[in-house]
Asker: 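First the structure, which I've put down as structure tokens, then a few questions once you've had a look.
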Amino acid sequence: MIEPERIQPLNDRTRTARVRYVLYWMQQSQREAHNPALEFAVAEANRRGQPLLVVFVLMDRYPEANERHFAFMLQGLEEVAASLGKRGIPFVARRGEPAEVVLELSGSASVLVCDRGYLRHQREWRETLAREAPCAVVQIEGDVVVPVAAVSTRAEFAARTIRPKVLAIRDDFLRVPRRQRLECPATELDVASDFDPLEPATTLAALDIDRSVRQVSRFRGGTSEARKLLRQFSNRELVGYSEDRNDPADPRCSSLSPYLHFGQISPVEVALKVARTENCALADREAFLEQLVVRRELSINFVTHVPRYDRFSAVPDWARRTLREHRGDERPVQYTRPKLEAAETHDPYWNAAMKEMVKTGYMHNYMRMYWGKKIIEWSASPERAYRTILGLNNKYFIDGRDPNSYTSVAWLFGLHDRPWTERAIFGKVRYMNAAGLERKFDIDRYVRWVEGLES
DNA sequence: ATCGGCTCGCGCAA
DNA sequence: TGCGCGAAGCCGAT
């Protein structure tokens, strides 16, 4: 059963011409398991007595993508291809401009099913297809617990304004989409692939992509790896999560953000697993769901309703005003982007965070805040800092280029936050300093851990 | 260790 | 129109 709020027709076209298949363009939801768009497409194919074709389009020039991101994604796609194969669902792997390739394939489709993505380029591809495809286009919103429009129809001001709206309906959307057998055999389809998803290393080597950031050993892409991490997290780190989640020296994170970013695991599946973990206090489970559901919904609300979500202008008026008033403040410590990227500052905690980011494609969440706040302090202007932070975020993090990325960067500049005591450079925007790390955590232990990481 | 103030604006009560 | 209150923090007073 797919909740009706997840089902969104993007045009009102119907097709009577001779067609060959139902087409599912997999883009955001890169998984076979717990994928409502896929199950909707299977049901459509069965209802119409047609075969189903699933297509994925690999784009060498995907915005801000480099080898690190492609390697992780291709590992996940290998598992998608294998899982679809077991269900007898044909999977076509193409290279090119997604909207162009899908438009061409939609020429023989009765209906085009797509999943939902919230970033500008993802929306534009779907708008193009809705306008130009000769068939019905239906979007299925499967990478969020509560569909965005069911929560709110405007940009929310803070967590406290969106929280009651999310919590009021959250549990209505914690359901597993039923897997159905595909009834119509697909032996006749004969649509060629451009690459073999079962050979990710070969594909990666052949791509014409930015190779300046190499793949990492810390994370391996794919649904089964995500599920392994989820099991470990719910068995171990979840107990005590509400109190201790912020300690970088003793991390209690699920580490699922890379997998959620690429749609390799469903947030509904994660939420259900945590909600049903019995041997753990309700407060711990709810603290995790606050991050996974409330904070994530807030991020998606932000990129959905703020058109220029990737610019300094996206932060609220009070924050822009106060930062502007402190534009002329003296900045005694300043670093250029190359100095930052080389982790060559006077601050050992910051350098450790930067090294974790470069070496492993990840950073502890608390350190992400400290890391960003310091770049604001060390940059010539807030606008410059904004570009530096977002650029480094999207370059090195496997979970970069996500709604969470744009929202957490804007948070550093006051978004979804409140004003604090006025001070130099930051004005009334929240400030963080090393004394806080030292007071609260065994931060030297974090530094030693990073130093021990293999590059 | 713990607590209140900081500062602004949303959201609800009136 | 008024006012309570936030909540991924800092800082200084107790």
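Chain letters run A, B, ... following the sequence lines, proteins first, then strands; residues in each count from 1.
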Asker: Taking the same atom, C1', in C:dC5 and in B:dG4, what whole-Å distance lies between them?
Answerer: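 Rounded to whole Å, the distance is 14 Å.
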Asker: Give the rounded distance in Å between these two atoms: OH of A:Y431 and P of C:dC10.
Answerer: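 To the nearest whole Å, that distance equals 9 Å.
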Asker: The side chain of A:N433 lies closest to which of these nucleotides: B:dG9, B:dC6, C:dC10?
Answerer: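 Within the option list, the nearest is C:dC10.
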Asker: What residue among A:R227, A:R231, A:R175 forms salt bridge (Lys or Arg N to Asp or Glu O under 4.0 Å) with A:E269?
Answerer: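 Looking at A:R227, A:R231, A:R175, the match for A:E269 under the salt bridge (Lys or Arg N to Asp or Glu O under 4.0 Å) is A:R227.
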Asker: Show me the protein contacts with nucleotides 11-14 of chain B, counting only N or O atoms at under 3.5 Å.
Answerer:
| unit_1 | atom_1 | unit_2 | atom_2 | d |
| --- | --- | --- | --- | --- |
| B:dG11 | OP1 | A:R154 | NH2 | 3.4 |
| B:dG11 | OP2 | A:R154 | NH2 | 3.0 |

Asker: List the atom pairs, donor and acceptor, that lie under 3.5 Å between side-chain atoms in residues 294-301 of chain A and the rest of the protein, sequence neighbours left out.
Answerer:
| unit_1 | atom_1 | unit_2 | atom_2 | d |
| --- | --- | --- | --- | --- |
| A:R296 | NH1 | A:D143 | O | 3.0 |
| A:R296 | NH2 | A:D143 | O | 3.0 |
| A:E297 | OE2 | A:V146 | N | 2.8 |
| A:S299 | OG | A:R295 | O | 3.3 |
| A:S299 | OG | A:N404 | OD1 | 2.8 |
| A:N301 | OD1 | A:E156 | N | 2.8 |
| A:N301 | ND2 | A:R154 | O | 2.9 |

Asker: With both distances under 3.5 Å as the test, what is the Watson-Crick or G-U wobble partner of C:dT14?
Answerer: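 B:dA1 is the nucleotide pairing with C:dT14.
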Asker: Partner lookup for B:dT7, please. Criteria are Watson-Crick or G-U wobble with both distances under 3.5 angstrom; report none if nothing qualifies.
Answerer: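 No nucleotide pairs with B:dT7.
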Asker: Could you measure between the two C1' atoms, the one in C:dG4 and the one in B:dG5, and give it in whole Å?
Answerer: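 Going atom to atom, C1' in each nucleotide, I get 16 Å.
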Asker: Using the side-chain heavy atoms of A:R295, tell me which of these nucleotides is nearest: B:dG9, C:dC10, C:dA8.
Answerer: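 Looking only at heavy atoms from C-beta outward on A:R295, the closest nucleotide is C:dA8.
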Asker: Does C:dC10 have its OP1 or OP2 closer than 4.0 Å to a side-chain nitrogen or oxygen of A:K440?
Answerer: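 Yes, because at least one side-chain N or O of A:K440 sits under 4.0 Å from OP1 or OP2 of C:dC10.
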Asker: Look at A:R423 and B:dC6 and indicate whether a side-chain polar atom (N or O) is within less than 4.0 Å of OP1 or OP2.
Answerer: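 No, because none of the side-chain N or O atoms of A:R423 sits under 4.0 Å from OP1 or OP2 of B:dC6.
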Asker: So does A:A434 get a backbone contact from the side chain of A:R439, meaning a donor-acceptor N/O pair under 3.5 Å?
Answerer: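 No, because the side chain of A:R439 does not come within donor-acceptor range (under 3.5 Å) of the backbone of A:A434.
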Asker: For the pair A:Y362 and A:F219, name the ring-plane relationship: parallel under 30°, tilted 30 to 60°, perpendicular over 60°.
Answerer: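 It falls in the tilted class, 30° to 60°.
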Asker: Can you check whether A:R321 has a side-chain N or O nearer than 4.0 Å to OP1 or OP2 of B:dG9?
Answerer: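 For B:dG9, OP1/OP2 do have a side-chain N/O of A:R321 under 4.0 Å.
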